[in-house]
Structures are given as C-alpha cells and as structure tokens.
There are 2 protein chains.
Amino acid sequence: MDASIRHRRDEASRAAPTWKVGELAARTGLSVRALHYYEEIGLLSPSRRTEAGHRLYAADDVLRLQRIVSLRHLGFTLEEIRACLRDGSGFPARRVVELHAARVRERMRSQQRLLHRLEALAFRLDPAAEEVPAGEFTQAVMEVIEMSERVERYYTPEQLEALERRRRELGEERIRAVEAEWPTLIEGVRAEMEAGTDPADERVQRLAKRWMELVGEFTGGDPGIERSVGNMWRQEENIHGIDTGEMREMMAYVSRATASSNERG
Amino acid sequence: MDASIRHRRDEASRAAPTWKVGELAARTGLSVRALHYYEEIGLLSPSRRTEAGHRLYAADDVLRLQRIVSLRHLGFTLEEIRACLRDGSGFPARRVVELHAARVRERMRSQQRLLHRLEALAFRLDPAAEEVPAGEFTQAVMEVIEMSERVERYYTPEQLEALERRRRELGEERIRAVEAEWPTLIEGVRAEMEAGTDPADERVQRLAKRWMELVGEFTGGDPGIERSVGNMWRQEENIHGIDTGEMREMMAYVSRATASSNERG
DNA sequence: ATACGCCCTCACGCCGCGTGAGGTTCAAGG
DNA sequence: CCTTGAACCTCACGCGGCGTGAGGGCGTAT
C-alpha cells in the first residue's frame with residue numbers, strides 16, 4: 001500500500017523516491033509535529049514540496065534525519081546536533097562525546113544523591129501510616145536532608161557506593177533490627193560507665209563485643225569506612241540526636257574493654 | 001544590620017517579626033523571582049503587604065517555604081508540593097515518596113543506558129582524530145545504538161552491571177588488546193578448520209586454549225553471563241559484522257578441541 | 001457527490017523560573 | 001530637606017522540544 005502510493009507519486013515526477021511527513025514520522029518514531037519543528041528551526045527541511053505545499057523528503061533528507069535521530073538517542077540537544085551536522089564539516093567527535101558523557105555522569109551523580117535521600121526518607125516513614133501530618137513529614141524530610149548532606153561530606157563516593165551495596169545485602173529488616181538494638185546497647189554501656197564498672201568486667205565485655213559486632217555490620221570491615229565514621233563522630237556535635245561528646249567517651253570505654261579482652265584472650 | 005531593619009519594621013506594627021522577599025531569598029537560596037512565581041501559582045503568598053505593596057512574609061510563611069524548599073530538594077514538582085501542603089491535610093507520605101523514588105530510579109536506568117552507549121561510542125572513536133567526518137561519526141553512532149539495543153535484550157540489568165564492573169577492572173588498554181587479538185585468533189581457527197585439522201591437534205589445542213581464556217576474560221567466569229552470550233550468538237545473524245553461522249561452527253570446533261584436551265589431561 | 005484521511009499553517013501551552021524594562025519606595029548620608 | 005543607591009514593584013518575553021488543538025485544503029475510494 002505504502003509502495004503503491006510512492007509508485008504513483010514517483011511516476012508523476014519520473015524521478016527518485018520521496019516520502020511524505022506521515023510516512024517519515026511512522027518510520028522514525030517521531031511525530032509529524034516534531035518534523036515540522038525541525039524544519040522551523042532549520043535542522044531538516046524537505047528538499048521539495050508538492051504544488052499544494054505538502055512536504056516531500058528525498059533520500060538525502062531521510063539520511064540526515066536518521067543521523068538526527070541517532071544523536072537524539074544519545075541525548076544531544078537539537079542545537080548540538082545542528083552543529084555536528086553543519087555543512088559536511090568534521091568535528092572533534094571523541095571529545096564531544098566524552099564531554100557529553102561527563103555531563104550525563106554528573107546528572108547521574110545528583111540523581112544518585114536524590115535517590116539516597118528518598119530511600120532514607122521512605123525508611124524513616126511508617127509504612128502503615130496512611131495519612132501523615134504535613135508537619136511530621138516535612139520534619140522528616142529536613143532531618144534526612146541535613147543528615148545526607150553531612151554524610152556526603154564525610155564519605156567518598158566509592159565509600160557511599162560500598163555502604164549502599166552492604167545495605168542491600170543486609171536488607172531492610174536487618175537494618176531496622178540493628179537500629180532498634182542501638183539505643184538499648186548505648187543505654188547499657190552508659191549505665192556501666194556511670195556505675196564506674198571496670199572495662200575488664202565480664203558484663204562490659206559482653207556489651208563491648210556486641211557493640212563491635214554492630215559497628216562491623218555497618219562498616220563491613222572496610223578500614224576506610226571505619227576511618228570516615230570515626231572522623232564524623234569526632235567532628236560533628238550531634239548525630240541522630242546523640243551528643244557526640246558523651247558518645248566519644250563511650251567509644252573510648254568500649255575500646256578499653258575490647259583491648260583488655262584482647263590482652264587476656 | 002538585618003536585625004536593625006527588622007526592628008524598625010516591627011516597631012511600626014508592634015507585632016510579630018516579618019521578612020521581605022530579598023531577605024527570604026537570601027536565607028533560602030531561592031531567587032526573588034522564584035518567590036514571586038510561587039505567589040503567582042498560589043503556592044506561597046505573603047500574609048501581609050506594606051502600604052506600598054512590598055511583600056511581608058510572617059513566620060508561618062517562612063515555615064511553609066522551608067517545607068517547599070525541602071520538597072524541591074527531593075525533586076518534587078511544584079504541583080506535587082502544592083498537593084502535599086494542601087490545607088493541613090495529611091497524605092500517604094511513604095507511598096508518595098516511594099513512587100517518586102521509583103520515578104527517579106527509572107530515569108537513572110535510562111541515563112545508565114545512555115552512558116553505556118556514549119562510552120561504547122567514545123571507545124570506538126579514535127582518540128587522536130581531531131576532525132571526524134560526519135558520515136563516519138553517524139555511522140559509528142548507529143552501530144553502537146544497534147549493538148546496545150541488542151545487548152540490552154540478551155543481558156539482565158544485573159549482568160550488565162557485572163560486565164561494567166569487569167570492564168572497569170580490566171581497563172581500556174586491556175580491552176583494546178583483547179579486541180585486537182580476536183580477529184587474528186578467529187583467522188587462525190578458520191584456517192585450521194578449512195584445512196580439516198583434527199581438533200585434537202596440538203596447534204588447535206593452543207588456539208582453543210587462548211580462545212577460552214579470552215572468553216573467560218569477558219565473562220569473568222559468571223555462568224549466567226556465559227549463557228547470555230551463548231543465546232546471543234545462537235539467535236542473532238551477525239554480531240560486530242561477524243557471521244554467526246560460521247562463528248557457531250568455529251565455537252563447536254573449539255569446544256571439541258577443549259573436550260579432547262580435557263579427556264587426555 | 002461525499003466521506004474520510006492525510007496534509008497545511010497559525011498559535012497557545014507546558015515547567016520553573018531568568019532576564020530585562022520601566023517605575024516606585026525605603027533608609028541612609030550630606 | 002534633598003539626593004543617592006539599593007531594594008522593591010509589575011509586566012512581559014524567553015528558553016527546549018515539542019503536544020494539542022483550531023480551522024481549513026488536498027487526495028482518493030466509494
């Protein structure tokens with residue numbers, strides 16, 4: 001059918017085959033409007049028109065259009081495409097492509113950050129709660145953003161990626177369990193400290209062991225991440241609403257306990 | 001200075017503190033124009049104005065604005081934000097956030113695909129060539145796109161990620177070396193096949209060994225990826241301009257050689 | 001003759017503001 | 001008091017890449 005149309009049209013001109021907008025649109029997946037627009041901005045004009053003004057695209061035009069579509073699939077803007085295809089000129093293709101790739105990578109990084117925030121936020125929000133008051137919600141949003149900004153200052157992108165993988169391996173349940181265990185553990189250690197219990201005492205040993213296990217579950221044993229965690233606790237004033245001054249004392253207490261256990265074991 | 005301004009303004013009204021657009025803009029990092037726009041679309045209107053028409057934002061307005069900014073940082077559209085903050089209503093926060101996260105993930109996936117294509121393209125382009133003719137370039141673009149579309153049909157996203165990591169580990173140099181070695185290796189095997197050499201022959205053994213090594217360097221020994229590679233060679237007609245029919249024969253020949261070596265070894 | 005489908009040319013709408021133009025008001029200095 | 005200069009006001013166009021009509025002409029099968 002398509003062929004018979006072209007046959008008739010081409011018989012009239014006794015020349016090379018041509019295509020109408022609709023045909024071209026169907027072939028390339030673009031819309032007719034897009035093709036009109038490309039002509040409007042001087043990116044692709046049909047080489048001929050019928051007497052009635054209907055656009056007739058020749059083989060050359062189709063070739064050019066294919067190039068345009070290819071470059072569009074690579075995410076170039078129409079302006080950039082026009083520059084690439086300008087009157088037979090060559091251009092530093094590899095450089096252009098690499099620059100563009102760099103832009104895409106940059107966009108992906110910011111999307112990545114965004115996604116982390118959204119995931120952290122979803123994690124914080126009650127899955128069951130149908131209607132969350134706006135105040136509570138925005139409170140959570142702001143805390144998550146503040147937290148993620150601080151986190152991004154202390155961890156390198158590679159470390160963040162590693163933490164991400166670890167979180168996926170552990171699964172949401174396990175993470176919730178660990179987060180739930182921390183407060184009681186901290187409370188236990190605080191009590192022993194305030195009571196002045198010797199770090200070598202067996203009760204403290206048990207708490208310290210569990211403490212190190214939970215830390216290890218977070219860091220995955222990566223020494224770089226351990227250092228970053230340490231820096232964060234040393235330099236910030238409070239994290240998750242926990243006063244880091246007191247926390248530092250507790251960490252010292254726990255590490256004394258661990259050390260004394262290593263001496264004996 | 002800022003405080004003294006507010007002091008004067010507030011003394012006149014003997015009431016709660018207020019802020020002017022410029023002050024608010026400075027605090028939130030938005031532009032004055034953005035604040036005007038938010039009023040225009042009914043997202044945030046200052047609760048008062050001076051006689052001269054200057055906007056005066058009250059504490060409530062500032063609170064609302066902070067919420068708006070937070071949600072903007074999470075990538076919500078202004079329309080969505082308006083829906084979230086609508087007259088004190090709660091809303092299914094977690095669901096909204098998760099939906100939004102899903103959208104972000106989807107965008108990231110398509111950016112990922114795009115990046116793969118751009119990287120493959122950059123790899124194919126001569127790093128030294130300053131001026132690449134448009135024809136050659138678009139040819140490369142189209143081949144890369146076609147290839148990546150086929151690749152995406154045969155590998156799962158996880159497999160693609162694994163391949164990506166492997167490529168990064170190997171480095172561009174090594175990949176170029178491997179790609180350069182294939183044609184000669186293929187030629188060698190073809191020659192032995194045409195000569196009718198027994199697969200158990202030592203020369204064929206050496207070729208087959210090297211073949212398997214190169215394949216292993218690509219697949220990383222992942223059985224899932226090996227299967228996907230196999231499917232691709234079985235179902236496509238040509239890959240990288242190589243006729244898969246002939247390739248299948250060669251693969252069979254090589255695997256006979258490997259099998260005979262295993263029998264004896 | 002008529003109906004249906006394709007084609008044409010305007011022209012406005014989208015999102016989230018940026019960027020003027022052209023004018024008023026505010027707060028401080030002389 | 002007057003003058004500056006900064007900050008404010010409104011109005012209106014611009015961006016990219018088209019979508020989506022409105023209102024009409026052309027082509028061809030029945």
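Letters A, B, ... are given to chains in the order of the sequence lines, protein chains preceding strands, and every chain is numbered from 1.
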Checklist entry - Of the nucleotides D:dC9, C:dC8, C:dG16, which one has an atom closest to the side chain of B:T77? => result C:dG16
Checklist entry - According to a strict under-4.0 Å criterion, is B:R82 in side-chain N/O contact with OP1 or OP2 of C:dC15? => result no
Checklist outcome for this item: Here the distance between atom P of D:dC9 and atom CG of B:L56, to the nearest Å, is 9 Å
Next on the checklist: Is the terminal nitrogen or CZ of B:R82 (NZ for Lys, CZ for Arg) located under 6.0 angstrom from the six-membered ring centre of B:F76 and within 45° of that ring's axis?
Outcome noted: no
Checklist entry - Quick one: does A:D61's side chain have a donor or acceptor within less than 3.5 Å of a partner on A:S47's backbone? => result yes
Checklist outcome for this item: Of C:dC17, C:dC8, D:dG17, the nucleotide closest to the side chain of A:L78 is D:dG17
Item to check | Proximity to the side chain of B:V21 - top-ranked nucleotide from D:dC8, C:dT25, C:dC8 | outcome: D:dC8
Next on the checklist: Rounded to whole Å, how long is the line connecting atom CD1 of A:I41 with atom P of D:dG16?
Outcome noted: 9 Å
Next on the checklist: Whole angstroms only, please: what is the OH-P distance between A:Y57 and C:dC7?
Outcome noted: 10 Å
Next on the checklist: If the test is side chain to side chain donor-acceptor pair (under 3.5 Å), which one of A:E143, A:E119, A:R117, A:R113 qualifies with A:S148?
Outcome noted: A:R117
Next on the checklist: Using whole Å, what does the distance between atom P of nucleotide D:dC18 and atom CG of A:L43 come to?
Outcome noted: 10 Å
Item to check | Closest nucleotide among C:dT9, D:dG19, D:dT10 to the A:R55 side chain | outcome: C:dT9
Checklist outcome for this item: Looking only at D:dG27, D:dC9, D:dC18, the nucleotide nearest the A:A34 side chain is D:dC18
Checklist entry - Taking only side-chain nitrogens and oxygens of B:H36, does any of them come within less than 4.0 Å of OP1 or OP2 of D:dC9? => result yes
Checklist entry - Looking at B:S31, does any N or O in its side chain come under 4.0 Å of the phosphate oxygens OP1/OP2 on C:dG18? => result yes
Checklist entry - For DNA chain D, whose closest nucleotide is more 5', that of A:H54 or that of A:R33? => result A:R33
Item to check | Short side-chain N/O contact to C:dT25 OP1/OP2 from B:R49, under 4.0 Å | outcome: no
Checklist entry - Going by an N to O cut-off under 4.0 Å, is there a salt bridge joining A:R165 and A:E169? => result no
Checklist outcome for this item: Atom CG of A:L71 and atom C1' of D:dG17 are separated, to the nearest Å, by 16 Å
Item to check | Electrostatic pair B:R49:B:E39 at N-O distance under 4.0 angstrom | outcome: yes
Next on the checklist: Need to verify one output field. Residue with the more 5' nearest nucleotide on DNA chain C, B:F76 or A:G53?
Outcome noted: A:G53
Next on the checklist: Can you work out whether A:G22 or B:L30 has the more 5'-proximal nearest nucleotide on DNA chain C?
Outcome noted: A:G22
Checklist entry - Within a radius of less than 6.0 Å around NE2 of B:H36, do more than 12 heavy atoms belonging to other residues, nucleotides or ligands occur? => result yes
Next on the checklist: What is the distance, to the nearest angstrom, from the OH atom on A:Y37 to the C1' atom on C:dC10?
Outcome noted: 16 Å
Next on the checklist: Of the listed nucleotides (C:dG16, D:dC9, D:dC18), which one gets closest to any side-chain atom of A:Y38?
Outcome noted: D:dC18
Checklist entry - Tell me: CD of A:E40 to C1' of C:dA11, nearest whole Å? => result 10 Å
Item to check | Protein-nucleotide distance (B:L35, atom CG; D:dT10, atom P), rounded to Å | outcome: 13 Å
